[in-house]
Amino acid sequence: MSHRLASLPALVIELIFAIIHPSECLKFRRLCHATNAILTSRHFARLSLQRHLPSTPPPRVSKDPTLLDRIWFHWPDHFQDLYATLWLRECTEIRWRNCNLSGVIPPSIGHLHNLTYLSLASNHLHGTLPDSLTSLTNLTHLFLSGNALTGRLPGNLFTALPHLSHASLRANCLSGALPESTRPALRELYLDCNAFDGAPAPDLVRALKGLRGEYLRGNAFARGEVCAARWRGVGRAAEVGVAPCV
């Protein structure tokens with residue numbers, strides 16, 4: 001069968017597999033090298049999605065992820081990129097908390113420039129935070145807590161988002177250094193129960209003093225004397241949330 005497929009014109013192969021729903025068609029990449037090359041191409045991704053996307057306008061506020069929304073976290077780059085551009089781009093709010101999502105946060109999330117509210121909390125997401133999160137300059141609320149996210153924070157995550165007022169990345173596996181500073185708009189910041197290390201920078205300490213709510217406990221730096229000394233100007237460790245998680 002794979003030999004017969006390989007002998008067909010590429011356009012014919014595209015048209016055949018475009019009939020199959022995007023959640024299933026990519027399983028056929030294993031048939032042969034020619035099929036794999038076609039099914040992972042940007043041209044096929046556009047053909048497939050245009051055939052299977054709903055004819056109704058996409059929602060501005062999304063609270064219940066569809067099947068296509070769910071597999072967005074698993075698709076190859078071309079599919080992820082085009083799905084964000086063709087379908088999700090007009091969303092202003094994505095509220096997918098506790099929706100049993102899995103996979104990685106797509107870099108193409110950076111195309112969603114209209115987003116003001118993003119919640120992917122309490123799911124089963126893994127991998128690193130894409131640098132493209134810093135492109136969401138209209139974002140006011142960012143909730144990614146309760147996943148299995150790893151790696152470092154994008155270096156300018158909290159300074160590149162001028163309107164961000166509420167952020168929670170607690171209860172993940174994030175590591176590395178904390179951000180050096182934040183924007184004045186930030187009112188609540190929760191980074192507790194991760195694996196951040198190194199003492200908080202002086203600018204961050206000064207910024208956090210004005211927050212209504214912030215927690216940094218349960219990180220590697222929270223157990224060091226250097227950190228305790230740095231925080232003396234803010235208050236007792238337990239009061240400002242740098243004590244270890246219990």
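Please read these numbers as outputs of a predicted model, since none were measured by experiment.
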Could you give me the CA-CA distance, side-chain angles and deciding distance for S145 and L169, then say whether side chain to side chain contact (heavy atoms under 4.5 Å, CB included) is met?
-> CA-CA 4 Å; S145 57; L169 288 83; 6.0 Å; no
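- For the pair H124 and L101, the minimum side-chain heavy-atom distance is 4.5 Å or more.
- The two residues A185 and P162 have their closest heavy-atom pair at CB-O, 3.4 Å.
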Exercise answer: donor-acceptor pairs, residues 24-31 side-chain atoms, under 3.5 Å, sequence neighbours excluded:
from: E24; atom 1: OE1; to: K27; atom 2: NZ; distance (Å): 2.7
from: R29; atom 1: NE; to: L26; atom 2: O; distance (Å): 3.1

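- Put simply, the side chain of L129 reaches to within 4.5 Å of the side chain of L149, judged on heavy atoms.
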Just do the side chain to side chain contact (heavy atoms under 4.5 Å, CB included) check on L68 and H21 with the steps written out, would you?
-> CA-CA 10 Å; L68 289 176; H21 192 272; 3.7 Å; yes
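- To the nearest 0.5 Å, the span separating CG on L144 from OH on Y190 amounts to 15.0 Å.
- Separating the CG atom in L120 from the CD1 atom in I105 is a distance of 5.5 Å, to the nearest 0.5 Å.
- Hydrophobic clustering, with ILVMFWY side chains joined whenever heavy atoms are under 4.5 angstrom apart, groups I38 together with V12.
- Of all heavy-atom pairs spanning A84 and L112, the tightest one is O-CD2, 3.7 Å.
- A distance-only check finds no donor-acceptor pair linking the side chain of N36 to the backbone of H33 [under 3.5 Å].
- Here the side chains of P22 and Y83 are not in contact, with every heavy-atom distance at 4.5 Å or above.
- Atom NE2 of H43 sits in a sparse spot, with 12 or fewer heavy atoms from other residues, nucleotides or ligands closer than 6.0 Å.
- Follow the hydrophobic side-chain contacts under 4.5 Å out from F143 and you never reach L115; the two are in separate clusters.
- Residues R46 and L86 come closest through the heavy atom pair NH1-CD2, 3.9 Å.
- For CG of D131, the number of neighbouring non-hydrogen atoms (other residues, nucleotides, ligands) closer than 6.0 Å is 12 at most.
- Using a 4.5 Å cut-off on side-chain heavy atoms (C-beta onward), I109 and P130 make contact.
- The two atoms that bring N100 and R70 nearest to each other are O-NH1, 3.7 Å, heavy atoms only.
- Annotation: side chain of F158 is in contact with side chain of L189 (closest heavy-atom distance under 4.5 Å).
- At a threshold of 4.5 Å between non-hydrogen side-chain atoms, the residues L153 and L174 count as touching.
- At least one donor-acceptor pair closer than 3.5 Å links the side chain of S132 to the backbone N or O of P107.
- Side-chain N or O atoms of S175 include none that pairs as donor or acceptor with a backbone N or O of A195 at under 3.5 Å.
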For S108 and T85, run side chain to side chain contact (heavy atoms under 4.5 Å, CB included): C-alpha distance rounded to whole Å, both residues' side-chain angles, the deciding distance at 0.1 Å, then the answer.
-> CA-CA 8 Å; S108 58; T85 303; over 6 Å; no
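- In this structure, the separation between NE2 on H78 and CG on L49 is 12.0 Å, given to the nearest 0.5 Å.
- Under the 3.5 Å distance criterion, the side-chain polar atoms of Q80 are matched with a main-chain donor or acceptor of W75.
- Checked by atom type, the side-chain pair S102/H74 shows a donor-acceptor distance below 3.5 Å.
- Atom CG of residue N123 and atom OG of residue S119 lie 8.0 Å apart, to the nearest 0.5 angstrom.
- R95 forms a cation-pi arrangement with Y117, by the criterion of a distance under 6.0 Å to the ring centre and an angle within 45° of the ring axis.
- A distance of 7.5 Å separates CD1 in I94 from CG in D69, rounded to the nearest 0.5 Å.
- In this structure the side chain of R42 reaches within 4.5 angstrom of the side chain of D81, judged on heavy atoms.
- What you find for F44 and A18 is that their closest heavy atoms are CE1-N, 3.6 Å.
- With hydrophobic clusters built from ILVMFWY side chains whose heavy atoms lie under 4.5 angstrom apart, L67 shares a cluster with W72.
- Connection of I71 to V104 is not established within any shared hydrophobic cluster, with ILVMFWY side chains joined at heavy-atom distances below 4.5 Å, either directly or through further cluster members.
- At least one side-chain heavy atom of E90 sits under 4.5 Å from a side-chain heavy atom of N114.
- In this model, no donor atom of one side chain and acceptor atom of the other lie less than 3.5 Å apart for T159 and N156.
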Residue pair L118, L133: steps toward the side chain to side chain contact (heavy atoms under 4.5 Å, CB included) verdict | CA-CA 10 Å; L118 174 62; L133 281 173; 4.2 Å; yes
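- Here the CG atom belonging to L125 is positioned 10.5 Å from the CH2 atom belonging to W96, to the nearest 0.5 angstrom.
- A continuous path of Ile, Leu, Val, Met, Phe, Trp and Tyr side chains, each step under 4.5 Å between heavy atoms, connects L53 with L82, placing both in one hydrophobic cluster.
- Ring geometry for H111 versus H113: interplanar angle over 60°, hence perpendicular rather than tilted (30 to 60°).
- N172 contributes no side-chain N or O that, together with a main-chain N or O of N194, makes up a donor-acceptor pair within less than 3.5 Å.
- Annotation for L161 and L136: closest pair CD2-O, 3.2 Å, computed over non-hydrogen atoms.
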